[in-house]
Novice: 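The structure that follows is given in the form of structure tokens.
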Amino acid sequence: PLRAGSLSACTSVAESTAPRSVPATVTVDATSFQPNPGGQAEFLADDRHRIAAFLAGYGAGKTRVGAEKALDLAAANDGGDGLIVAPTWQLLHRVTLRVFYDKDAPSAGVLPRQLVTRHNLGERYLRLCNGARIYYGSADHPGSLEGANLSWFWLDEARLVKHSAWNVLVGRLRASSLMTQLMQLS
């Protein structure tokens, strides 16, 4: 499993316009989340299957464990691209992204700010210090998800997504990387 210190240390090269960038070591605690025994723990630890799903009722922590798994997959795929998807832009911004990375609340979100070297709002991605890019988008127009070469994706609230969006996302998993995995949470 990737949990054990997957992002405990990350060497970052600051993005700047200066001719030389100075590497800095960023240390974070990537093991502070304690999943519930059973489903959450099994889902988070699963690094053997190409498709991982966590299906549970209201309040079971599906979005939180999905955010934790997304962070693990981004850590495992240096320089790779991942995609966080919600059924609509409203759900993406109101729920999913706030749990993963809340730019307005420094202590909120699973992704530690120290790991983010760039947040490109126009292109809708976060660049991490290991070179990974985490794009985010909505599934309300499945064609907008086309074209990417992904190492992984996280589909939150999958039960609300059209089947055509699912097909597009699965077709995007084609990057050669350490670990390719998709996850569906509903």
Side-chain angles (χ1 to χ4, degrees), residues 1-4 6-7 28-77 80-105 107-113 115-116 124-126 128 132 134-142 144-145 148 150-173 179-186:
L2 300 172
R3 258 350 277 145
S6 59
L7 281 176
V28 297
D29 180 7
T31 60
S32 62
F33 176 67
Q34 296 299 315
N36 295 331
Q40 266 192 350
E42 290 171 15
F43 172 75
L44 200 55
D46 185 357
D47 60 359
R48 296 176 305 134
H49 297 98
R50 184 164 188 252
I51 298 174
F54 181 55
L55 308 172
Y58 294 108
K62 297 178 298 295
T63 299
R64 173 60 191 261
V65 77
E68 295 283 347
K69 183 89 167 179
L71 180 59
D72 285 352
L73 290 169
N77 290 288
D81 291 347
L83 177 63
I84 296 173
V85 181
T88 65
W89 281 107
Q90 292 83 5
L91 278 173
L92 178 73
H93 288 282
R94 190 170 23 115
V95 180
T96 309
L97 276 182
R98 289 186 69 195
V99 172
F100 186 72
Y101 178 78
D102 190 343
K103 63 182 175 55
D104 297 323
S107 62
V110 166
L111 176 62
R113 288 181 180 268
L115 299 181
V116 179
R124 299 183 184 118
Y125 73 83
L126 300 158
L128 303 187
I134 302 172
Y135 289 92
Y136 49 92
S138 72
D140 44 4
H141 299 291
S144 68
L145 304 171
L150 300 175
S151 299
W152 59 271
F153 71 81
W154 165 30
L155 178 58
D156 197 24
E157 298 294 349
R159 63 185 163 68
L160 302 175
V161 172
K162 296 175 190 172
H163 188 59
S164 58
W166 171 259
N167 289 337
V168 169
L169 289 168
V170 171
R172 304 304 96 204
L173 285 177
M179 178 180 212
T180 301
Q181 192 172 45
L182 59 91
M183 44 185 165
Q184 172 180 339
L185 299 134
S186 219

Novice: Can you give me the closest heavy-atom contact between Ala67 and Val99, atom names plus distance?
Specialist: CB-CG1, 3.9 Å
Novice: Quick check for you: to the nearest 0.5 Å, what is the distance between Lys62 atom NZ and Leu55 atom CG?
Specialist: 9.0 Å
Novice: Could you work out, with ring pair (Phe, Tyr, Trp, His ring centres under 6.0 Å) as the rule, every residue matching His93, not counting sequence neighbours?
Specialist: Trp89
Novice: Out of curiosity, Leu155 CG to Leu83 CG, how far, rounded to the nearest 0.5 Å?
Specialist: 9.0 Å
Novice: Working note: Leu44 + Phe33, criterion side chain to side chain contact (heavy atoms under 4.5 Å, CB included); need CA distance, chi angles, decisive distance, verdict.
Specialist: CA-CA 11 Å; Leu44 200 55; Phe33 176 67; 3.9 Å; yes
Novice: Tell me which one of Phe54, Trp154, Phe43 satisfies side chain to side chain contact (heavy atoms under 4.5 Å, CB included) with Lys69.
Specialist: Phe43
Novice: Do Ile84 and Phe100 have side chains that approach each other closer than 4.5 Å (heavy atoms only, starting at C-beta)?
Specialist: yes
Novice: Any luck finding a side-chain donor-acceptor pair between Thr63 and Asp156 under 3.5 Å?
Specialist: yes
Novice: As an exercise, state the distance from CG of Leu71 to CG of Leu115, rounded to the nearest 0.5 Å.
Specialist: 7.0 Å
Novice: Hey, does Asn77 have a side-chain heavy atom less than 4.5 Å from the side chain of Trp152?
Specialist: yes
Novice: Quick one: closest heavy-atom pair of Val168 and Pro142, and the distance?
Specialist: CG1-O, 3.8 Å
Novice: Apply side chain to side chain contact (heavy atoms under 4.5 Å, CB included) to Leu126 and Tyr135, showing your working.
Specialist: CA-CA 6 Å; Leu126 300 158; Tyr135 289 92; over 6 Å; no
Novice: How about Leu145 and Arg172: do any of their side-chain heavy atoms sit closer than 4.5 Å?
Specialist: no
Novice: Considering only residues two or more places apart or on different chains, which pairs with a residue in residues 90-99 satisfy salt bridge (charged side-chain N to carboxylate O under 4.0 Å, His left out)?
Specialist: Arg98-Asp102
Novice: With rounding to the nearest 0.5 angstrom, report the CD1 to CG distance, Ile134 to Leu150.
Specialist: 11.5 Å
Novice: With a 4.5 Å heavy-atom cut-off, do Arg159 and Glu157 have their side chains touching?
Specialist: yes
Novice: How many angstroms lie between atom OG of Ser144 and atom CZ of Arg124, to the nearest 0.5 angstrom?
Specialist: 8.0 Å
Novice: Taking the side chain as C-beta and beyond, is there a heavy-atom pair between Thr96 and Tyr136 under 4.5 Å?
Specialist: no
Novice: Is Val116 close to Leu111 at the side-chain level, that is, under 4.5 Å between some pair of heavy atoms?
Specialist: yes
Novice: For Tyr101, what residues pass the ring pair (Phe, Tyr, Trp, His ring centres under 6.0 Å) criterion, not counting sequence neighbours?
Specialist: His119
Novice: Could you check if a side-chain atom of Val85 sits within less than 4.5 angstrom of a side-chain atom of Leu92, using non-hydrogen atoms only?
Specialist: no
Novice: Let me confirm one number: the OG-CG distance from Ser151 to Leu73, rounded to the nearest 0.5 Å.
Specialist: 9.0 Å
